[in-house]
Engineer: 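Quick one: the structure is below, and I'll ask about it shortly.
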2 protein chains.
Amino acid sequence: MGEPTRLKMIAERLNLSESTISRALNNYKDISAETKTVVRKMAEQLDYEPNIHAKRLASGKSETIGYVMPIQSNQVTGQFINKLMAGIAKALGKYGWDLCVIAPQTPDEEIRIFKKIARTRNISGLVITRTLSDDHRFALLKRLGVPFVSHGRSSDSKESAWLDVDNELAFFEMTTHFVKLGHKHIAHIGGPRDYNFARQRKNGWVRGLKSSGIKAPLSYEEMTELTFDGGKEAMQRLLEAEVPPSAVCCISDVVAIGAMQALREKGIRPGQEVSIIGYDGLELGAWLDPPLTTMHQPLKLAGEKLAKMLLNIVESGGLPLNNQELVRASLVRRETANAPLSNWPPIRKDSGKP
Amino acid sequence: MGEPTRLKMIAERLNLSESTISRALNNYKDISAETKTVVRKMAEQLDYEPNIHAKRLASGKSETIGYVMPIQSNQVTGQFINKLMAGIAKALGKYGWDLCVIAPQTPDEEIRIFKKIARTRNISGLVITRTLSDDHRFALLKRLGVPFVSHGRSSDSKESAWLDVDNELAFFEMTTHFVKLGHKHIAHIGGPRDYNFARQRKNGWVRGLKSSGIKAPLSYEEMTELTFDGGKEAMQRLLEAEVPPSAVCCISDVVAIGAMQALREKGIRPGQEVSIIGYDGLELGAWLDPPLTTMHQPLKLAGEKLAKMLLNIVESGGLPLNNQELVRASLVRRETANAPLSNWPPIRKDSGKP
DNA sequence: GAGTCAACCGAAAACGCTTTCGGTTATGTG
DNA sequence: CACATAACCGAAAGCGTTTTCGGTTGACTC
């Protein structure tokens with residue numbers, strides 16, 4: 001391949017100084033339009049590509065952003081992560097920035113890595129996901145002065161940059177959708193309250209019930225890990241309620257799939273006796289039996305948006321405050337959410353009613 | 001946070017030269033053991049972290065490897081990519097190397113990016129996945145002199161580094177497993193022959209049949225895209241065979257899920273009239289109705305291995321030839337693969353038999 | 001016609017490390 | 001005791017950019 005082109009070579013060919021070449025290529029305003037075009041043409045011709053390390057050393061900027069992979073990636077968050085990353089990488093690519101994957105194995109390691117980034121500045125900014133309601137990372141990164149954007153809010157995110165889905169609205173809509181179908185016994189399988197979105201979604205359900213004038217017994221609020229197993233067990237508990245629900249708002253598709261399993265094992269048909277709606281919009285849901293009704297959020301687009309926000313902050317000095325955006329999820333109608341059956345909920349033999 | 005520690009500061013405190021410090025920290029052999037420990041202690045104490053850009057500029061090494069995301073990432077390869085990446089990042093992290101995500105939007109862009117990497121050397125090596133039987137990338141990267149390892153072989157991979165699952169063996173075992181269960185009508189839904197693993201898997205099926213003395217009509221070999229839809233359509237075609245199969249070896253779990261859908265729509269029960277085995281070992285499969293029998297390969301481990309191979313090549317001058325490894329997949333027994341039913345395959349009314 | 005001011009560009013100093021080359025010491029050798 | 005030989009270490013030259021600080025021009029003002 002021969003030696004790569006250097007600034008110096010361009011300078012020699014054009015009888016200009018290296019500094020002029022550099023400034024011409026970087027579009028400084030004290031270089032005449034004429035020289036700029038000449039320089040650019042020559043750079044193009046020589047296939048010039050700046051040495052990125054020299055550039056970063058000299059400028060003190062790293063042009064790299066990091067994506068922090070969720071630690072416990074044992075779950076079917078697969079789609080989630082990919083699509084987000086693909087979006088981020090795509091957006092960054094346009095500006096010649098790099099996306100670096102950070103995969104801490106433990107929370108402690110995550111902290112160490114953050115501190116190291118703060119010291120070395122080898123990464124210009126971070127994208128974090130899976131935010132908790134009470135997420136120490138927000139304060140830590142702010143304190144360390146590391147620019148970041150989060151996918152999801154937190155109690156600490158008032159002044160930082162974030163992109164979030166309106167989870168509460170989504171679950172409000174999910175709940176009222178059930179109401180419109182005629183349901184009166186609407187339960188919720190939520191996730192650990194640690195996760196901010198878990199709270200938001202639960203609140204949406206509560207608000208949906210309230211605005212429809214429906215009351216739900218305490219037992220209708222279930223909580224579980226975001227796994228298939230968790231969903232299954234939660235559903236089993238719900239079925240033991242005095243009056244089992246006829247509709248269930250699930251915090252995620254994965255949980256919903258687990259819940260469907262629990263129903264089947266009791267001989268109950270999802271979408272018949274008990275309706276179910278999930279959340280995430282996994283394509284997979286369409287291939288279940290029966291296909292899972294769910295709510296969808298555009299993830300790749302979210303990735304692009306997150307990248308642009310971060311770029312705005314680290315490059316253009318944008319304020320985190322001006323980089324907050326709430327997007328909407330949309331209902332994907334499939335076959336697990338239908339009108340209630342007349343013979344359900346069943347009257348329990350052991351119920352107190354005469 | 002104050003200014004980060006520099007080599008210079010350590011040198012001043014210890015009354016040594018910068019070069020000595022550098023060599024001590026990099027474990028050069030012309031530095032006495034004594035000085036080394038002193039220097040290391042001081043570095044530790046001052047929380048020294050080398051400026052990575054300076055280091056890379058001076059040494060000419062980038063300490064970064066790139067992972068090329070499969071272009072058409074619309075599929076449920078989710079798990080796949082993540083786990084692999086998590087493994088790579090984990091292994092690299094131990095050596096202070098970075099993992100950079102490369103997400104070309106088109107094949108052309110992929111080529112451009114490779115060429116750019118070759119010129120700029122801003123990435124020390126690549127991990128590529130989704131290899132094709134006839135994959136231009138192998139020759140291209142070799143020609144460009146960019147070190148790489150592939151997850152999966154190709155017709156061009158004889159002399160390059162790779163990690164692959166023994167796909168043929170896996171499908172051989174899958175097929176003979178069906179035979180042991182008593183099946184005689186065993187079909188295969190394969191993928192585009194472009195993919196090398198698709199050929200390997202088909203060959204495994206063929207070999208499995210042959211070694212069991214079973215013959216399959218031409219119509220038993222189906223081919224499709226690696227999608228839910230593809231699996232469904234392929235299964236529909238199989239059901240129209242003169243003698244429909246009682247067992248189907250599917251190239252992936254996703255395809256198998258699509259196939260199950262096709263069965264259900266015809267009122268056929270997966271695992272009863274028609275048995276099915278998938279491939280990939282997605283957890284998800286356990287939550288289908290009925291749970292999908294499949295074959296599993298350890299992906300995170302694969303990622304770690306790939307990273308170590310690449311490090312061996314770019315750092316220790318290891319030969320690609322010495323970095324080839326074949327791993328085994330293992331059968332995960334669930335509920336879609338059972339002994340055949342006596343009333344299946346059905347005798348077609350329109351069959352030629354009297 | 002001296003002075004002012006833009007508009008352009010070059011020289012040179014960073015940036016923080018690695019690495020070559022050579023120079024001091026101690027250590028052994030004839 | 002001169003001399004070669006290691007064993008250690010320092011000086012200094014890169015690595016390829018960016019960026020500061022001036023220095024030339026030529027046009028324009030009064």
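Every chain is numbered from 1 and lettered A, B, ... according to where its sequence line falls, protein lines coming before strand lines.
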Engineer: With sequence neighbours excluded, what pairs up with A:S124 under the side chain to side chain donor-acceptor pair (under 3.5 Å) test?
Structural biologist: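 Result, side chain to side chain donor-acceptor pair (under 3.5 Å) vs A:S124: A:S62.
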Engineer: Name all pairs fulfilling the ring-ring contact (aromatic ring centres under 6.0 Å, His included) condition that reach into residues 137-156 of chain A, sequence neighbours left out, sorted by first residue then second.
Structural biologist: A:F80-A:H151, A:F138-A:F148
Engineer: Using the test salt bridge (charged side-chain N to carboxylate O under 4.0 Å, His left out), find all partners of B:D108 that sit at least two apart in sequence or belong to another chain.
Structural biologist: none
Engineer: Does B:F114 have any ring-ring contact (aromatic ring centres under 6.0 Å, His included) partners at least two apart in sequence or in another chain, and if so, which?
Structural biologist: none
Engineer: Suppose the criterion is ring-ring contact (aromatic ring centres under 6.0 Å, His included): which pairs have a residue in residues 6-52 of chain A, not counting sequence neighbours?
Structural biologist: none
Engineer: Under the rule for ring-ring contact (aromatic ring centres under 6.0 Å, His included), what residues qualify as partners of B:Y67, not counting sequence neighbours?
Structural biologist: none
Engineer: If you define the side chain from C-beta out and look only at heavy atoms, does anything of B:K61 sit under 4.5 Å from B:K55?
Structural biologist: no
Engineer: Is the phosphate of D:dA7, meaning OP1 or OP2, less than 4.0 Å from a side-chain N or O of B:S32?
Structural biologist: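 So the side chain of B:S32 is outside the cut-off, no N or O lying under 4.0 Å from OP1 or OP2 of D:dA7.
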Engineer: Which salt bridge (charged side-chain N to carboxylate O under 4.0 Å, His left out) pairs, counting each pair once, include a residue from residues 15-31 of chain B, with sequence neighbours left out?
Structural biologist: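 Qualifying pairs: B:R23-B:D30.
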Engineer: Taking five pairs at each end of the helix from C:dG1-D:dC30 to C:dG30-D:dC1, what angle separates the two helix axes (nearest 10°)?
Structural biologist: 50°
Engineer: So which of residues 36-56 of chain A are in contact with DNA chain C, with a heavy-atom cut-off of under 4.0 Å?
Structural biologist: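 By residue number: none to list.
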Engineer: Just list the side-chain donor-acceptor pairs under 3.5 Å for residues 306-318 of chain A, sequence neighbours left out, or say none.
Structural biologist:
unit_1: A:N312; atom_1: OD1; unit_2: A:N323; atom_2: ND2; d: 2.9

Engineer: Sort me out a list of protein N/O and nucleotides 24-28 of chain C N/O pairs below 3.5 Å, or just none if empty.
Structural biologist:
none

Engineer: Output one line per pair: protein atom, nucleotide atom from nucleotides 11-13 of chain D, and distance, for all N/O pairs under 3.5 Å.
Structural biologist:
unit_1: D:dA11; atom_1: N6; unit_2: B:S19; atom_2: OG; d: 3.3

